Amino acid sequence: MNNIINLTKMSFTNLKSVYKQIWYIWIIWIGIAIYNPSFLNILLGMSVLLTVYQVMAYEDHNNIDYLISYLPVKRNEYVLSRYLLGIVSILLASILLCIVYFVSIKINDLQGISLNLLLPTSITSAILSMSVIIPLVLKFGINKGRVFMSIIVILVSTMPLSLMSDISQDSKTLETIMNIINSVGMPLITVVINIIILLVSIGISINLYKNKEIKE
């Protein structure tokens, strides 16, 4: 466990090296989300996407695989540290999302956009993105994975917005979803779905990285 925590700390230290490349994107998205609430559901996913991907890209560029092969750590510990990095990023981004939401309601009419639905949807979108990014980068590296990354960015940017828009416009679907949420509980639904996604992704990533040939 200490190795996983230390590797995660290393990644947050490396985040400082790429911070200048992503801080302006955050500011732009925050500004857009404040004045256009429709983009709120993209904010969390985009924040996590930028953080996890940029850190892994930086480490891959600096031959992190070669370093891991010499450090007294197991490959699965390195893989788990990637997910810990993503989970911490999601928690921090969730706080940011809530702050932006409450600022936005002071400026805009957010009728139809509930934080109780927005936050779980955004967290699930972020976890799904992270769960795809990590195995792809671990398997293919940053260069080959860049094509897949472009596809993921498009999906993260459009799917939550489209989903929330469709649900809001379809009163029957919204009513059905709210009934399910009220009977089962949104927190429980979100936790179960996200745990399943994470466990599947972790298993795939560990297997991929375990069998990856590391070249000097």
Side-chain angles (χ1 to χ4, degrees), residues 1-27 29 43-96 123-157 194-216:
M1 189 63 187
N2 286 336
N3 286 338
I4 297 174
I5 294 174
N6 289 333
L7 287 167
T8 305
K9 288 180 179 178
M10 177 191 71
S11 292
F12 275 107
T13 300
N14 291 334
L15 180 60
K16 297 178 182 178
S17 301
V18 297
Y19 186 71
K20 292 181 179 179
Q21 301 175 28
I22 59 178
W23 69 268
Y24 65 91
I25 301 179
W26 273 329
I27 292 176
W29 275 104
L43 182 61
L44 194 150
M46 189 61 68
S47 297
V48 174
L49 195 64
L50 287 170
T51 301
V52 175
Y53 177 75
Q54 290 296 338
V55 169
M56 291 188 70
Y58 175 81
E59 293 179 349
D60 182 72
H61 180 72
N62 288 278
N63 299 315
I64 187 66
D65 292 340
Y66 187 60
L67 176 63
I68 293 300
S69 67
Y70 278 89
L71 288 175
V73 298
K74 298 177 181 177
R75 289 196 180 190
N76 65 326
E77 290 177 330
Y78 174 67
V79 172
L80 291 174
S81 73
R82 305 303 85 197
Y83 287 90
L84 182 57
L85 167 68
I87 290 172
V88 173
S89 299
I90 288 174
L91 292 175
L92 295 176
S94 297
I95 296 173
L96 175 63
I123 290 175
T124 302
S125 173
I127 287 180
L128 182 60
S129 301
M130 176 186 75
S131 297
V132 175
I133 291 169
I134 293 176
L136 283 177
V137 176
L138 289 175
K139 173 63 177 179
F140 299 106
I142 192 61
N143 292 325
K144 293 181 179 179
R146 191 170 285 117
V147 176
F148 298 107
M149 181 62 186
S150 301
I151 298 174
I152 295 171
V153 169
I154 293 173
L155 292 176
V156 170
S157 301
N194 290 334
I195 286 178
I196 292 173
I197 293 173
L198 280 173
L199 289 177
V200 172
S201 180
I202 289 172
I204 293 172
S205 295
I206 289 176
N207 185 61
L208 288 174
Y209 198 61
K210 178 182 178 181
N211 298 315
K212 183 177 182 179
E213 181 182 356
I214 298 177
K215 299 178 181 179
E216 298 186 12

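Just the heavy atoms: all of them, side chains too, but no hydrogens, waters or symmetry mates, feed the values below. As the structure is a computational prediction, the values presented were derived from the model and not from experiment.
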Working to the nearest 0.5 angstrom, can you tell me the gap between N194 CG and T124 OG1?
4.0 Å

Between F12 and S89, is any pair of side-chain heavy atoms under 4.5 Å apart?
yes

Using side-chain heavy atoms (C-beta onward) and a distance below 4.5 Å, is N3 in contact with K74?
no

Just verifying a value: how many Å separate L128 CG and L198 CG, rounded to the nearest 0.5 Å?
10.0 Å

Quick check: closest heavy atoms across I4 and T8, and the distance to 0.1 Å?
O-OG1, 2.8 Å

Can you pull the salt bridge (Lys or Arg N to Asp or Glu O under 4.0 Å) pairs that have at least one residue in residues 194-207, sequence neighbours excluded?
none

List the steps and the verdict of side chain to side chain contact (heavy atoms under 4.5 Å, CB included) for V132 and S201.
CA-CA 7 Å; V132 175; S201 180; over 6 Å; no

The single option from I64, L84, I68 that satisfies side chain to side chain contact (heavy atoms under 4.5 Å, CB included) with L7 is I68

Flag the pair S94 / I123 as yes when at least one side-chain heavy-atom distance between them is below 4.5 Å, and no otherwise.
yes

NZ (K139) and CG (N207) are apart, to the nearest 0.5 Å, by 9.0 Å

Would you give the length of the straight line joining atom OG1 of T51 to atom CG of L92, rounded to the nearest 0.5 angstrom?
8.5 Å

Picking from L208, V79, I133, I206, what satisfies side chain to side chain contact (heavy atoms under 4.5 Å, CB included) with L138?
V79

For I90, which of V52, I127, I95, L85 qualifies under side chain to side chain contact (heavy atoms under 4.5 Å, CB included)?
I127

Taking side chain to side chain donor-acceptor pair (under 3.5 Å) as the criterion, tell me which of K9, E59, Q54 meets it with N14.
E59

Compute whether any side-chain donor of one residue and acceptor of the other, for Y209 and D65, lie under 3.5 angstrom apart.
yes

If you round to the nearest 0.5 Å, how far is CE of M10 from CG of N6?
9.5 Å

State the OG-CD1 distance between S131 and I196, to the nearest 0.5 angstrom.
12.0 Å

